[in-house]
Number of protein chains: 2
Amino acid sequence: MASTVGARSAKPMYLQIADDIEEQIKSDRLAPGEEIPSEAALMERYGVSSGTVRKAVAELRTAGLVVTYQGKGSFVKSRPPVTRKSSDRFRRSHRRAGKAAYIAETEQAGVKPTVQVLSIGPVPAPQEIADRLGVEEGAKVLARRRLYFSDGTPTEEATSYLPWDVARDIPELFEENPGGGGIYARLEDHGHEFAEYTETIRARIATKQEATALRLSPGSPVIHLTRNAVTTTGRVVEVCDTIMAADQFVLDYRIPATD
Amino acid sequence: MASTVGARSAKPMYLQIADDIEEQIKSDRLAPGEEIPSEAALMERYGVSSGTVRKAVAELRTAGLVVTYQGKGSFVKSRPPVTRKSSDRFRRSHRRAGKAAYIAETEQAGVKPTVQVLSIGPVPAPQEIADRLGVEEGAKVLARRRLYFSDGTPTEEATSYLPWDVARDIPELFEENPGGGGIYARLEDHGHEFAEYTETIRARIATKQEATALRLSPGSPVIHLTRNAVTTTGRVVEVCDTIMAADQFVLDYRIPATD
DNA sequence: CAGGTAAACTTGACCAAACGAGCGATGGAC
DNA sequence: GTCCATCGCTCGTTTGGTCAAGTTTACCTG
């Protein structure tokens with residue numbers, strides 16, 4: 001495979017090299033999981049310095065096309081099955097069938113979902129969470145923090161916050177496995193009938209902590225989704241704060257036409 | 001302001017310098033729009049080489065905290081008023097009051113919205129659009145491409161696609177200004193009564209073209225939102241494909257609890 | 001004062017090199 | 001066969017530049 005990059009081109013060398021490799025990835029000449037040429041090989045092939053090939057590889061990382069490991073090399077990112085999160089995942093019928101929302105949503109993606117509970121216990125409510133729950137900032141709330149995996153890859157980190165006066169009456173909420181249908185089923189078992197769920201969506205670049213938790217390259221985008229679970233009395237009995245790897249999810253919503 | 005960075009620290013110098021500057025930004029010692037020290041000044045202040053300060057500044061760019069112009073310097077990104085897109089923006093009452101959806105949504109953000117029409121005319125329908133409109137790929141559809149600005153800053157690039165047999169009966173759709181209430185009002189005037197809007201949300205890093213159009217730094221995240229406007233007969237009479245600067249928008253959705 | 005030009009300043013692309021940290025294969029000792 | 005040390009390969013951090021491209025400031029002339 002000869003280099004087709006000319007020194008006379010107006011485009012910077014590092015972009016030309018990145019484009020070449022991107023083209024190979026897009027045309028499957030470099031398959032997902034396959035290693036791209038090492039820095040030394042690229043330096044020789046394109047006749048440029050180490051700094052220039054590093055900048056090219058950094059471009060590919062920024063574009064989300066490769067992932068790099070020190071001492072190993074750079075690999076084409078595999079494109080995982082995408083999970084669609086639709087409104088249907090909160091149907092009571094799923095819960096009655098023993099399925100928590102995350103089970104319902106990953107089933108159609110054909111991936112094996114697992115969940116790792118990171119912590120369960122009382123915390124002081126951060127400002128935004130307190131506002132949403134209608135409690136004082138710093139008030140005691142129950143936090144359930146967990147990491148979701150699809151086919152062994154971490155895709156989502158989520159923390160549910162529940163008002164203490166609601167949580168303390170439901171012992172399953174303090175267990176790693178809250179039982180069939182998840183915590184929403186347990187809340188319903190205790191008389192909290194849901195009227196609606198509101199979701200707030202933001203997107204940004206992952207923080208260092210998030211990138212580590214979700215095994216993302218620095219600079220990767222994440223979706224930040226915050227959900228209120230609202231009962232028929234208008235009370236918010238759970239706020240779920242979620243960070244998701246953006247390339248792993250598609251969110252679907254339906255908005256009825258109203259006057 | 002003395003440098004507090006020690007050579008014996010385990011953290012790489014470039015990250016320490018980036019953290020220092022980030023701390024100044026976060027504590028408003030460097031205000032939005034203000035210039036951070038030049039590369040030469042940072043080199044002298046921290047006693048490091050140009051490559052190291054450049055790497056530090058690149059970190060800040062990746063984190064979305066600064067924007068850099070060749071020949072000028074690096075500036076703290078201003079944090080613009082955030083526009084919330086909620087379900088309410090599609091209310092018929094807004095349209096009857098002469099407001100298109102984008103007017104309704106920017107009003108509460110206190111920003112001055114403007115729109116620049118980039119092109120209006122027939123195009124062959126791309127695959128995903130064709131699938132959504134229920135036409136053949138490549139079929140003739142009307143495309144209305146525009147750029148939205150808040151307070152003079154581009155925030156969103158949107159293309160509406162309408163089936164040709166629907167569009168050809170509505171002359172206003174071929175004009176830059178389709179009239180009060182926007183194209184949804186014109187579609188309703190012609191008997192297309194809306195039942196619902198479906199929205200599909202993705203997030204990713206902006207392409208080069210998108211970054212240029214929205215004046216974003218390379219590596220900035222965008223929200224990709226695709227909406228179907230569905231009539232009471234179940235027909236999709238418009239697909240709107242939108243790329244939004246992620247830091248400028250918050251999306252709100254309500255999901256009714258159903259069985 | 002206004003306009004043009006040159007100099008100074010700033011970032012972008014690129015070079016060449018050194019050393020540290022991490023990974024995996026290989027070979028030798030037990 | 002297992003374990004450990006060594007070596008070669010790979011990327012991460014850093015140095016110390018040069019030249020190109022863009023912006024701003026200073027100076028000179030009309």
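All figures in this text were calculated on a predicted structure; none of them were measured in a lab. Below, read A as the first sequence line, B as the second, and so on, with proteins coming before strands; counting in each chain starts at 1.
A donor atom on one side chain and an acceptor atom on the other are found under 3.5 Å apart for B:S160 and B:E238. A donor and an acceptor atom, one from each side chain of B:R84 and B:S86, are nowhere located under 3.5 Å apart.
Under the 4.0 Å criterion applied to side-chain N and carboxylate O atoms, A:K11 and A:E59 are not assigned as salt-bridge partners. Between B:E128 and B:R132 there is a salt bridge, since at least one side-chain N of the basic residue sits less than 4.0 Å from a carboxylate O of the acidic one.
The aromatic rings of B:Y253 and A:Y253 lie parallel to each other, their planes meeting at an angle below 30°, with 60° marking the opposite boundary.
Here D:dT13 is the nucleotide among C:dT11, D:dC11, D:dT13 with the atom lying nearest to any side-chain atom of B:Y14.
Look at CD on A:E59: it is 12 Å from P on C:dG12, rounded to the nearest Å. One can place OH of A:Y69 at 16 Å from P of C:dG22, the figure rounded to the nearest angstrom. Taking atom CD of B:E44 as the reference point, atom C1' of C:dT10 lies 15 Å away to the nearest angstrom. The distance from atom CD of B:E35 to atom P of C:dC9 is 14 Å, rounded to the nearest whole Å. Rounded to whole angstrom, the span from the CE atom of B:M43 across to the C1' atom of C:dC9 amounts to 14 Å. Between the C1' atom of C:dT11 and the CG atom of B:L60 lies a distance of 15 Å, rounded to the nearest Å. Spacing between atom CD1 of B:I36 and atom P of C:dC9 amounts to 19 Å, rounded to whole angstrom units. Taking atom CD of B:E39 as the reference point, atom C1' of D:dA20 lies 14 Å away to the nearest angstrom.
In terms of phosphate contacts, B:K72 brings a side-chain nitrogen or oxygen within less than 4.0 Å of OP1 or OP2 of D:dT24.
Partners of B:D241 under the side-chain hydrogen bond (donor to acceptor under 3.5 Å, both in side chains) rule, at least two apart in sequence or in another chain, are B:H224, B:T226.
Remark: A:R54 in residues 49-58 of chain A come within less than 4.0 Å of DNA chain D through at least one heavy atom.
Position along DNA chain D of the nearest nucleotide to B:V48 versus A:Q70 favours A:Q70 as the more 5'-ward residue. Heavy-atom distances to DNA chain C give each of B:S38 and A:L15 a nearest nucleotide, and the one nearer the 5′ end belongs to B:S38.
Looking only at distances, no side-chain donor or acceptor of A:R145 sits under 3.5 Å from a matching main-chain atom of A:A143.
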